[in-house]
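All residue numbers in this chain count up from 1 along the given sequence. Note that the structure is predicted; figures quoted are calculated from it, not measured.
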Amino acid sequence: KVLLQSLTDVWSATRKASAEKLREVVGLLAHAQLEGLVNAFFDTYATAEQLNKGPPQEQKDAWRTKEGILLGMNSILVFFGGNVERSRSTASPIRAVSSGAGSGVG
């Protein structure tokens, strides 16, 4: 909850700092925790979409919330994307070929 609150904070500096910290700790989360976090992101984003239909102040809050959720999702994706690139660069050519990596099969 604290992470979600900080990612959707009114202050952009707080949202950005929270996303940076998430990138640092995402690897420490268990699969179930990560799945729960991503599901909470989706739920919060959907709620923000509903706020877009409300009064101007709710609309202002909605874009902040959506920006924070997108920053958080980006942090998760960057973490995993970086790990994929690292594992590709350190994999042995034999293992890469036997696993189908680099074969053009996607």
Side-chain angles (χ1 to χ4, degrees):
K1 282 191 167 193
V2 172
L3 178 61
L4 202 53
Q5 288 176 338
S6 63
L7 282 170
T8 59
D9 193 80
V10 244
W11 296 100
S12 63
T14 302
R15 293 191 300 271
K16 291 173 185 174
S18 298
E20 287 297 319
K21 287 298 177 188
L22 174 59
R23 190 174 301 158
E24 294 173 17
V25 300
V26 73
L28 302 174
L29 298 175
H31 182 269
Q33 291 172 314
L34 185 58
E35 185 177 357
L37 181 60
V38 169
N39 286 334
F41 284 175
F42 289 145
D43 292 343
T44 303
Y45 195 94
T47 300
E49 275 295 304
Q50 294 303 313
L51 291 177
N52 268 338
K53 300 171 185 165
Q57 183 57 44
E58 285 183 359
Q59 292 176 14
K60 190 174 182 181
D61 294 340
W63 79 258
R64 290 176 180 151
T65 297
K66 292 186 332 187
E67 180 197 36
I69 295 302
L70 292 174
L71 287 169
M73 286 299 294
N74 184 61
S75 292
I76 292 171
L77 294 172
V78 165
F79 173 83
F80 284 108
N83 283 341
V84 167
E85 290 306 314
R86 265 183 262 130
S87 67
R88 283 184 184 159
S89 66
T90 60
S92 78
I94 295 171
R95 205 172 337 156
V97 170
S98 66
S99 69
S103 64
V105 177

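Contacts of Leu51 classified as side-chain contact (heavy atoms from CB on, under 4.5 Å), with partners at least two apart in sequence or in another chain: Glu58, Ala62. Every residue meeting the side-chain contact (heavy atoms from CB on, under 4.5 Å) condition with Leu3, not counting sequence neighbours, appears here in chain and number order: Ser6, Leu7, Leu22, Leu37. Qualifying salt bridge (Lys or Arg N to Asp or Glu O under 4.0 Å) partners for Lys21, counting only residues two or more places apart in sequence or in other chains: Glu24.
Sorted by first and then second residue, the side chain to side chain donor-acceptor pair (under 3.5 Å) pairs involving residues 28-46 (not counting sequence neighbours) form an empty list.
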What side-chain donor-acceptor pairs closer than 3.5 Å can you find for residues 63-70, not counting sequence neighbours?
from  : atom 1 : to    : atom 2 : distance (Å)
Trp63 : NE1    : Lys60 : O      : 3.2
Thr65 : OG1    : Asp61 : O      : 3.0
Lys66 : NZ     : Glu49 : OE2    : 2.6
Glu67 : OE1    : Arg15 : NE     : 2.8
Glu67 : OE1    : Arg15 : NH2    : 2.7

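Cluster partners of Trp11, by chain and number: Val10. The rule joins Ile, Leu, Val, Met, Phe, Trp and Tyr whenever side-chain heavy atoms lie under 4.5 Å apart.
Under a hydrophobic-cluster definition in which Ile, Leu, Val, Met, Phe, Trp and Tyr are linked whenever side-chain heavy atoms come within less than 4.5 Å, directly or via other members, Leu71 and Val78 are assigned to different clusters. Leu34 and Leu77 fall into different hydrophobic clusters, where Ile, Leu, Val, Met, Phe, Trp and Tyr are joined by side-chain heavy atoms under 4.5 Å apart, directly or via other members.
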